[in-house]
Structures are given as C-alpha cells and as structure tokens.
**Student:** 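Take a look at the following structure, please.
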There are 2 protein chains.
Amino acid sequence: MDKQLRHQLIKQAILEQTINSQSDIVAYLAKKGYQITQATISRDISELHLIKVAQNGEFVYRLPQTRPDNQGTDAFHTLLNDANAQISRQDNLINVETLPGSGSVIANAIKQRRWPEIFAVIPTDDSALLIIKKDSAAVDAVWARLASVLG
Amino acid sequence: MDKQLRHQLIKQAILEQTINSQSDIVAYLAKKGYQITQATISRDISELHLIKVAQNGEFVYRLPQTRPDNQGTDAFHTLLNDANAQISRQDNLINVETLPGSGSVIANAIKQRRWPEIFAVIPTDDSALLIIKKDSAAVDAVWARLASVLG
DNA sequence: CGTGAATATTAATTCAAA
DNA sequence: TTTGAATTAATATTCACG
C-alpha cells in the first residue's frame, strides 16, 4: 500500500470519526481492506504532525490546526493539501472539507479552474460543496481530478 | 502543592523549554522543589488540554492553539433552543431555520457533533441546511436526534 | 477530590528484511 | 526507504488512602 494514500485515509478517519488511539486507525484501515501495524501508524502520526489532545475526558487525535498562509498565489495542489482537503461524494454532489477558514479560498480556487462539469460551488467556512451537472460521468471526472491533486 | 499553581508551572515549562515527555515535566517541577509523579502530570495534561505533536523528529508538548470545545449536549440543547431552531425535511435534506445571524453558529455546532449520517452542512445567515447521506434510515436518525434536542 | 504507587495500556523505537 | 515483529518507553488508569 502506498504511503501517500494511507496518509490520506488517516486524515479522513480523523475527520470522520473519533479516533482515540492508534489501534483505532489500524481498525479503520483494516475495514477498508488494508492491514497496517501500529508501528507504521505511529510513524505516520509523526509525519503528519497529528496532535493528541484531551476532549471530554478522553484523548483524541486531531489534525494540526494551522491555517495555510500562502492563500491565493500558490499552486492548486499545494493549496488543497495545506488546507487538508478531504473529499466525499453523493449523487451529483462532491463535498470538499477543509480546515476552518479555508472554505472560501478553496472554493475560489476550484471555481477558477472553470471545470465545465461543475454547476455551482457553495463555500462555507470549512468546506466547498460542488454541485455537478447531472451526468454521472461528470461527477467521476471532477472526482478524479480532485483526487489526483490530493495526497 | 496546589493544583492551580502546578498547572501554571507546567504551562511555563512548556513555554520556556522543549518538553518531550511527562518525565521532563516531573524533572522541571523537581528542580523547582516540587516532587510530583508522572501519574499526576498525565492528569494535568488532560485537564489543560495540552497537545503532543511531532516537531522536527521528536515529540513535544505544546499549549492548545484553539480553545478546547467542551460543548456538551446541554450546551447544544441550549444553543438550538436559544436560536429558536425549527426543522423541516424533504428527501435527504433537513433544513434547520434559526434566528437571523445564528445560521453559522448552529451549523458549526451540528458539524461538531460529527453525526455519521450527515454528508454536508450548508450555513446561511438564518439557517443550516443538512444534506443527509442517501439512506432513509439516516434521515430519520438525524431528524430524531434534532427533534429530541428541541422543545 | 487529589494524589502516589503499581499496573495496564498505548505508543515510539529498534532491528531485520524486502 | 518502508515496513512488521518484537521490544522498550511512555502514558493513562486503577486502586487505596488521606
């Protein structure tokens, strides 16, 4: 398994669920079909600069709460990765979740691409919702383009 | 020794030097003349919401960058009711209408719940639109949860 | 409650191997 | 380099007590 992909999945796990321990991540990856050991997760956490912090009495892993300071001028892929963008899809919607404060920047960057399949882009503080023209191939196309830029 | 004072000293230690482990803090306090065990430091770190993060190749403790969100169910309940939240639904959408200006606050609060059925949350000035994953049971689940919090 | 001592659990590292 | 298995180290928790 590719390390880049694993890093992406780990970030996704942390955004999607409550991760209390490294074995939670091992379990998450196992459910996705990847058998990874705790030792590797430990290294990944170090490399991703994930933080461990108390939340309600229990410890959780979180993404580093830094904000990309190179907004506007940098490469598209740097922008998306600095904002820790995570994508999910349903029907003709693709949701791009970002660090708080980066939603509109990411939304603008995506708009500027002027991908023809995109019908509308809705920014929030920490996300950009892409409404794709009703055409399943179009959703796949946009998804693939975003995925290739992440990781 | 007073807990409050110890907490102060721990924060000071983290600001003054590089703290790699809890025993570093034990040593710091010992040098100040206080004999404290690792178990207590562990509890303090939890209470202070200190974070552990990789820096260069090593792990360091740092102060929390963002305020710990200790919004429990009570706060959530109060928040929604104070904003006079009203919910309505259609297909996989749930619209939460609020007092003008409260949309983003409510949207954030809902996002922080991390309910797994929610695909995306779109705030407006006076509402939060919840897009639920396409699964009728999921819509019911979210609806029930919101309804239980209102009124 | 808050704490230390002991313990259990979790996480980082070492080492061999691919 | 990257990784897993084994190991060590670090940290969270349990238990007893003040």
**Student:** Among D/dG4, D/dT11, C/dG4, which is the nearest nucleotide to the side chain of A/Ala39?
**Tutor:**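 For A/Ala39, the side-chain atoms sit closest to D/dG4.
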**Student:** Tell me whether the side-chain N/O atoms of A/Arg6 come closer than 4.0 Å to OP1 or OP2 in D/dT3.
**Tutor:** yes
**Student:** Is the shortest side-chain heavy-atom distance between B/Tyr34 and B/Leu9 below 4.5 Å?
**Tutor:**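 They are in side-chain contact.
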**Student:** Taking for each residue the nucleotide of DNA chain C bearing the nearest heavy atom, is the 5' side occupied by B/Asp2 or by B/Glu58?
**Tutor:** B/Asp2
**Student:** Return the value, rounded to whole Å, for the distance between atom CD1 of A/Ile25 and atom P of C/dA12.
**Tutor:**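 After rounding, the reported distance stands at 10 Å.
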**Student:** Using atom NZ of A/Lys3 as one end and atom C1' of C/dA18 as the other, report the distance to the nearest whole Å.
**Tutor:**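 The distance from NZ of A/Lys3 to C1' of C/dA18 comes to 16 Å, rounded to the nearest Å.
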**Student:** Among B/Asp126, B/Leu129, B/Ile106, B/Val121, which one satisfies side chain to side chain contact (heavy atoms under 4.5 Å, CB included) with B/Val96?
**Tutor:** B/Ile106
**Student:** Would you say D/dT11 has OP1 or OP2 under 4.0 Å from some side-chain N or O of B/Tyr61?
**Tutor:**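 Yes, because at least one side-chain N or O of B/Tyr61 sits under 4.0 Å from OP1 or OP2 of D/dT11.
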**Student:** Rounding to an integer number of Å, can you tell me how far A/Leu48 CG sits from C/dA12 C1'?
**Tutor:**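 From A/Leu48 CG to C/dA12 C1': 16 Å.
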**Student:** Using whole Å, report how far CD1 of A/Ile45 lies from P of C/dT10.
**Tutor:**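 Answer to the nearest Å: 13 Å.
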**Student:** What integer distance in Å separates B/Gln22:CD from C/dT9:C1'?
**Tutor:** 13 Å
**Student:** Under 4.0 Å between a side-chain N or O of A/Thr40 and OP1 or OP2 of D/dG4?
**Tutor:**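 It does, given that an N or O in the side chain of A/Thr40 lies less than 4.0 Å from OP1 or OP2 of D/dG4.
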**Student:** For D/dG4, take OP1 and OP2 only and decide whether either is under 4.0 Å from a side-chain N or O of A/Thr37.
**Tutor:**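 Yes, A/Thr37 has a side-chain N/O under 4.0 Å of OP1/OP2 on D/dG4.
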**Student:** Check every strand shown and say whether B/Ile36 touches a base, only sugar-phosphate, or nothing at a heavy-atom separation below 4.0 Å.
**Tutor:** sugar-phosphate
**Student:** Please check the phosphate of D/dA10 (OP1 and OP2 only) for any side-chain N or O of B/Lys52 closer than 4.0 Å.
**Tutor:** no
**Student:** Should the pair B/Lys11-B/Asp44 be classified as a salt bridge under the 4.0 Å nitrogen-to-oxygen rule?
**Tutor:**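 Looking at B/Asp44 together with B/Lys11, the answer is no, because their closest N to O distance does not fall below 4.0 Å.
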**Student:** Can you measure B/Arg43 atom CZ to C/dC1 atom C1' for me and round it to whole angstrom units?
**Tutor:**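 Computing the B/Arg43:CZ to C/dC1:C1' distance gives 11 Å.
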**Student:** Kindly say if B/Ser42 contacts the phosphate of D/dA12, meaning a side-chain N or O under 4.0 Å from OP1 or OP2.
**Tutor:** yes
**Student:** Hey, are the side chains of A/Gln90 and B/Ile131 touching, using non-hydrogen atoms and a 4.5 Å cut-off?
**Tutor:** yes
**Student:** For the side chain of B/Gln38 and the base of D/dA12, is some donor closer than 3.5 Å to an acceptor across the two?
**Tutor:** yes
**Student:** Just by modelled atom types, is the B/Ala137 backbone N or O under 3.5 Å from a matching donor or acceptor in the B/Asp135 side chain?
**Tutor:** yes
**Student:** Measure the distance from CD on B/Gln35 to P on C/dT3 and round it to the nearest whole Å.
**Tutor:**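 Atom CD in B/Gln35 sits about 14 Å away from atom P in C/dT3.
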**Student:** Figure out the CD/C1' separation between A/Glu47 and C/dA11, and round it to whole Å.
**Tutor:** 15 Å
